[in-house]
Amino acid sequence: MKPRRLPRRFFARDPAVVAPELLNKVLIGPNGAGRIVEVEAYDGTNDPASHAYRGLTPRTAVMFGPPGHLYVYFSYGVHWCANVVCRHDGVAGAVLLRALAPISGVEAMRVARPAARRDRDLCSGPGKLCQALGIDRGHDGADLVTADGGVGVVDDGVAAPDDAVNTTRVGISVATDVPWRWYVRGDPNVSRAPRRTKLA
DNA sequence: ACCGGGATGTTCT
DNA sequence: GAACATCCCGGTG
C-alpha cells in the first residue's frame, strides 16, 4: 500500500482511542522516520496527569488548538518530548510518542544521538526519539497533516496490532492507575520502565 | 546487573 | 523553593 498521510479527522477523537491506533504508523522527522511502537494518552479535561489539566497556558496552548498538530515540550530542562494533539479545537487532549522503531535516516540519528550504543537505543524513549529525529521547540505547533515543518505521520499499510500491551503510564505521580499506555508486544525499541527511586 | 546522582528550563505553590 | 510525561554516566556487585 502506498503511504498516505492521516486525515485530520483521525486525530479529532479522544486520545485514548487515537493512541492505540497510532501504533505501527510512521513518524517522519527532519533526520528520518520511525514506526511508532509505544504511546500514552493524556486527556486534558479529566486527567490530572495532563499538562492541560490546569487550563490553557502559554506552554499548553497548542493542545487546545486543532487536532493533528505536534505539541512539543521541554522536559527536566534537558529533553524535548513530542505529542500528537487530539480532539477538536478548544478541547485539550494529546498522545505522547514514547518510542519508535527506526526505519530510515539511521545514520543521521546515530550522529544526533552519540550516546546510543545500539540502534535500539536511538528512539526507545520520548526524549530519545526527539533527539534522534531532530524534533525540538521549532516543531511545537507544526501541522502533521500537511507536514509543514518537516514532521508528519503516515500510514504505510501496517495495521495497528490487535494484541498491543495496555498498561499504566510511565513517569507520572498522579493518576498512576489509569491504563493509558500502549506498546507493541515484544518490540525491542519499547522504553524500559524507569528504575524506581528508593523510597524512604 | 543494580543503584545513586547530576543536568537544568519552565511551571506552579 | 519544589516538582517535573527524562536520560546518561560512573560506581559497585
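We use all heavy atoms of the structure for the numbers below, so side chains are in, but hydrogens, waters and symmetry mates are not. Sequence lines set the chain letters: A, B, ... in the order given, protein chains first and strands last, and positions in each chain run from 1.
Between the side chains of D43(A) and T45(A), at least one donor N or O lies within less than 3.5 Å of an accepting N or O.
Between dT11(B) and T57(A), no contact under 4.0 Å exists linking OP1 or OP2 to a side-chain N or O. Look at H79(A) and you won't find any side-chain N or O under 4.0 angstrom from OP1 or OP2 of dC7(C).
Within 4.0 Å of R169(A), counting heavy atoms only, lies no atom of the nucleic acid at all.
Remark: R113(A), A115(A), G125(A), P126(A), G127(A), K128(A) in residues 107-129 of chain A come within less than 4.0 Å of DNA chain C through at least one heavy atom. Within residues 83-100 of chain A, the residues having any heavy atom under 4.0 Å from DNA chain C are, by residue number, N83(A), L96(A), R98(A).
With rounding to whole Å, R192(A) atom CZ is found 14 Å from dC8(C) atom P. dA5(C) atom C1' lies 14 Å from atom CH2 of W182(A), rounded to whole Å. The distance between atom OH of Y71(A) and atom C1' of dT11(B), rounded to the nearest whole Å, is 10 Å. In this structure, CE of M63(A) is placed 13 Å from C1' of dT11(B), rounded to the nearest angstrom. Between the OH atom of Y53(A) and the P atom of dT13(B) there is a distance of 12 Å, rounded to whole Å. Remark: C1' of dC7(C) and CG of N189(A) are 17 Å apart, rounded to the nearest angstrom. Atom CH2 in W80(A) sits roughly 10 Å away from atom C1' in dT10(B) (whole-Å rounding). At whole-Å resolution of the value, CZ in R54(A) and P in dA3(C) are 14 Å apart.
V153(A) pairs with exactly one of V26(A), L27(A), I28(A) by the side-chain contact (heavy atoms from CB on, under 4.5 Å) rule, that one being L27(A). For the side-chain contact (heavy atoms from CB on, under 4.5 Å) with V190(A), the lone residue among R181(A), R185(A), R98(A) that qualifies is R181(A). Each of V184(A), V84(A), N24(A), L97(A) was scored for a side-chain contact (heavy atoms from CB on, under 4.5 Å) with I36(A), with one residue passing: L97(A).
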From CA spacing to verdict: ring-ring contact (aromatic ring centres under 6.0 Å, His included), W180(A), Y42(A): CA-CA 8 Å; W180(A) 279 355; Y42(A) 288 86; 8.1 Å; no
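With both ends at atom P, the span from dA2(C) to dG6(B) equals 15 Å, rounded to whole Å. Here the separation of dG4(B) from dA5(C), taken at their C1' atoms, is 22 Å to the nearest Å.
The S173(A) side chain lies nearest to dC4(C) when the options are dG9(B), dC4(C), dT6(C).
Taking 4.0 Å as the cut-off between side-chain N and carboxylate O, D143(A) and R5(A) do not count as a salt-bridged pair. A salt bridge between R8(A) and D89(A) is absent, with no side-chain N of the basic residue lying under 4.0 Å from a carboxylate O of the acidic one. A salt bridge between D121(A) and K128(A) is absent, with no side-chain N of the basic residue lying under 4.0 Å from a carboxylate O of the acidic one. Salt bridge status for D156(A) with R4(A): absent, with no side-chain N to carboxylate O gap under 4.0 Å.
To the nearest 0.5 Å, atoms SG (C123(A)) and CG (L129(A)) are separated by 6.0 Å. Atom CG of L70(A) and atom CE of M63(A) lie 11.5 Å apart (nearest 0.5 Å).
For Y76(A) and dG9(B), the ring-to-base geometry does not satisfy the stacking test (centroid distance below 5.5 Å, interplanar angle below 30°).
Residue R195(A) places a side-chain atom within donor-acceptor reach of the base of dG4(B), judged by atom type and a 3.5 Å distance cut-off alone.
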Dot-bracket pairing map - DNA chain C, Watson-Crick plus G-U, both contacts under 3.5 Å, | cross-strand: ||||.|||||||.
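The aromatic rings of Y71(A) and H51(A) sit perpendicular to each other, their planes meeting at more than 60°, with 30° as the lower class boundary.
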